[in-house]
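Read through the structure below, which is laid out as structure tokens, and then see the notes.
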Protein chains: 2
Amino acid sequence: MSQGNTGVTSQVVNAQACPVREVLDRVVGKWSVPILIAAAHGPIRFTELERAIEGISRRMLTLTLRNLERDGLLKRTVHPTVPPKVEYELTPVAHELHGTLLRLTGWAERHRVTIAESRAAYDEERGLVDA
Amino acid sequence: MSQGNTGVTSQVVNAQACPVREVLDRVVGKWSVPILIAAAHGPIRFTELERAIEGISRRMLTLTLRNLERDGLLKRTVHPTVPPKVEYELTPVAHELHGTLLRLTGWAERHRVTIAESRAAYDEERGLVDA
DNA sequence: CTGGATCCATTAGGATACTG
DNA sequence: CAGTATCCTAATGGATCCAG
């Protein structure tokens with residue numbers, strides 16, 4: 001049991017995670033998750049996203065939206081009205097990811113206190129052992 | 001259906017994703033996922049991780065391991081032998097995350113070709129429409 | 001073997017101002 | 001409303017050398 005990794009793991013992680021990591025880095029990037037979750041309930045407008053996420057800059061919202069659209073995770077629809085109206089919605093591929101993202105945030109919610117405590121304890125041991 | 005986001009989403013994303021995002025940024029960071037997956041099969045040594053992940057620098061491996069240990073996701077065991085032997089293994093909290101991480105990489109594997117194609121198509125439309 | 005420390009290049013990302 | 005462009009700082013991360 002203590003040797004379950006020797007020689008096998010390297011191939012699993014190498015061959016699969018490497019091309020996958022590029023995808024994941026993009027999809028699970030800093031702002032991608034909240035955007036995908038916010039857009040999961042239906043088409044959502046630029047300004048709505050900007051307010052919903054709070055903390056995101058207009059610049060990063062634009063950049064992340066572009067990347068998600070480029071990767072085929074978001075569908076961008078421009079309504080040629082005045083003032084302009086642009087809506088973003090998940091593509092089928094992104095919808096498939098939604099459940100997993102909820103699991104991810106669910107896990108984070110359930111354990112965020114425990115994690116914070118662990119971090120505090122760790123810092124205390126190393127920061128001011130006996131001062 | 002096209003208005004499912006108005007006013008409701010903002011609270012969902014704000015109140016939940018914000019504290020959660022800090023946790024996620026750390027856990028789903030660039031190198032955390034491959035490390036957690038590689039360590040899921042049982043205790044694994046520093047050098048084994050270094051070879052298994054391939055592309056990670058010794059520095060980033062150390063830093064990410066420290067963060068994961070600090071957050072209580074990895075348990076670090078030092079065997080006082082010579083030469084030293086250090087093993088990392090998932091904590092129960094991290095084990096709870098493992099299934100979700102596999103879903104995540106599974107999704108990335110299934111769609112990475114589609115995503116690459118989408119990206120290429122997007123670039124072609126904008127890069128050299130008729131040149 | 002398992003790191004820590006330092007230096008340096010790249011990139012992410014905020015602030016701000018401007019536009020169709 | 002929905003962006004784009006520019007500037008500038010902070011963080012990321014590789015390379016290298018040193019150490020218990």
Side-chain angles (χ1 to χ4, degrees), chain A residues 2-3 5-6 10 18 21-22 24-35 38-39 43-70 74-89 122-123 125-127, chain B residues 2-3 5-6 10 18 21-22 24-35 38-39 43-70 74-89 122 126-127:
Chain A
S2 58
Q3 298 186 342
N5 294 101
T6 321
S10 49
C18 264
R21 260 244 338 285
E22 193 196 341
L24 283 189
D25 284 354
R26 180 178 316 272
V27 169
V28 198
K30 189 178 174 68
W31 299 109
S32 301
V33 176
I35 288 180
I44 186 170
R45 301 182 60 173
F46 185 89
T47 315
E48 287 173 348
L49 280 168
E50 192 176 12
R51 279 183 307 228
I53 293 172
E54 191 203 17
I56 195 172
S57 64
R58 209 202 239 68
R59 177 183 138 88
M60 286 317 295
L61 179 55
T62 302
L63 286 180
T64 311
L65 286 174
R66 286 297 159 278
N67 280 330
L68 291 175
E69 185 196 357
R70 192 168 93 110
L74 284 183
K75 180 169 175 292
R76 179 173 178 263
T77 308
V78 182
H79 300 84
T81 61
V82 44
K85 177 179 176 182
V86 180
E87 286 186 320
Y88 295 89
E89 57 186 322
Y122 183 92
D123 292 345
E125 284 180 34
R126 325 200 96 217
Chain B
S2 59
Q3 297 187 343
N5 295 102
T6 320
S10 49
C18 264
R21 262 244 336 284
E22 192 197 342
L24 283 189
D25 284 353
R26 179 179 318 273
V27 169
V28 197
K30 190 178 173 69
W31 299 109
S32 300
V33 175
I35 288 180
I44 186 171
R45 301 183 59 173
F46 185 87
T47 315
E48 288 172 348
L49 280 169
E50 192 176 12
R51 278 183 307 227
I53 292 173
E54 190 202 15
I56 194 171
S57 64
R58 208 201 238 73
R59 175 184 140 89
M60 287 317 296
L61 179 56
T62 303
L63 286 180
T64 311
L65 286 173
R66 284 300 157 278
N67 280 330
L68 290 175
E69 185 197 357
R70 191 169 95 111
L74 284 183
K75 180 169 175 289
R76 179 172 178 264
T77 308
V78 181
H79 299 85
T81 60
V82 44
K85 176 180 177 181
V86 180
E87 285 185 321
Y88 295 90
E89 57 185 323
Y122 183 94
R126 324 202 97 216

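So that the names make sense, note that chain A is the first sequence line, chain B the second, and so on, each numbered from 1.
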[X] has an atom [atom1]; how far is it from atom [atom2] of [N], in whole Å?
{"X": "Leu63(A)", "N": "dA2(D)", "atom1": "CG", "atom2": "P", "value": "17 Å"}
{"X": "Met60(B)", "N": "dG3(C)", "atom1": "CE", "atom2": "C1'", "value": "15 Å"}
{"X": "Asp25(A)", "N": "dT12(D)", "atom1": "CG", "atom2": "P", "value": "13 Å"}
{"X": "Leu61(B)", "N": "dA15(D)", "atom1": "CG", "atom2": "C1'", "value": "16 Å"}
{"X": "Arg51(A)", "N": "dC1(D)", "atom1": "CZ", "atom2": "C1'", "value": "11 Å"}
{"X": "Trp31(B)", "N": "dT12(D)", "atom1": "CH2", "atom2": "C1'", "value": "12 Å"}
{"X": "Leu68(B)", "N": "dG3(C)", "atom1": "CG", "atom2": "C1'", "value": "16 Å"}
{"X": "Ile44(A)", "N": "dA2(D)", "atom1": "CD1", "atom2": "C1'", "value": "14 Å"}

**Asked** Any donor and acceptor pair, going by atom type alone, linking the side chain of Thr64(B) with main-chain N or O of Met60(B) inside 3.5 Å?
**Response** yes
**Request:** Report which part of the nucleic acid Arg45(A) touches: base, sugar-phosphate, or nothing (heavy-atom distance under 4.0 Å, all strands).
**Result:** sugar-phosphate
**Asked** Can you check whether Tyr122(B) reaches Arg66(A) side chain to side chain, under 4.5 Å on heavy atoms?
**Response** yes
**Asked** Out of dG13(D), dA2(D), dT4(D), which nucleotide sits closest to the side chain of Lys30(B)?
**Response** dG13(D)
**Prompt:** Given dG13(C), dG20(D), dC1(D), which nucleotide is nearest the side-chain atoms of Pro83(A)?
**Reply:** dC1(D)
**Asked** Would Arg58(A) and Glu50(A) pass as an ion pair if we require N to O under 4.0 Å?
**Response** yes
**Prompt:** Quick one: does Arg59(B) reach the base of dG3(C) with a side-chain donor-acceptor pair under 3.5 Å?
**Reply:** no
**Pair Lys30(B)-Ser32(B), side-chain donor/acceptor within less than 3.5 Å** = no
**Prompt:** Does a nitrogen or oxygen in the side chain of Arg76(B) sit under 4.0 Å from OP1 or OP2 of dG3(C)?
**Reply:** yes
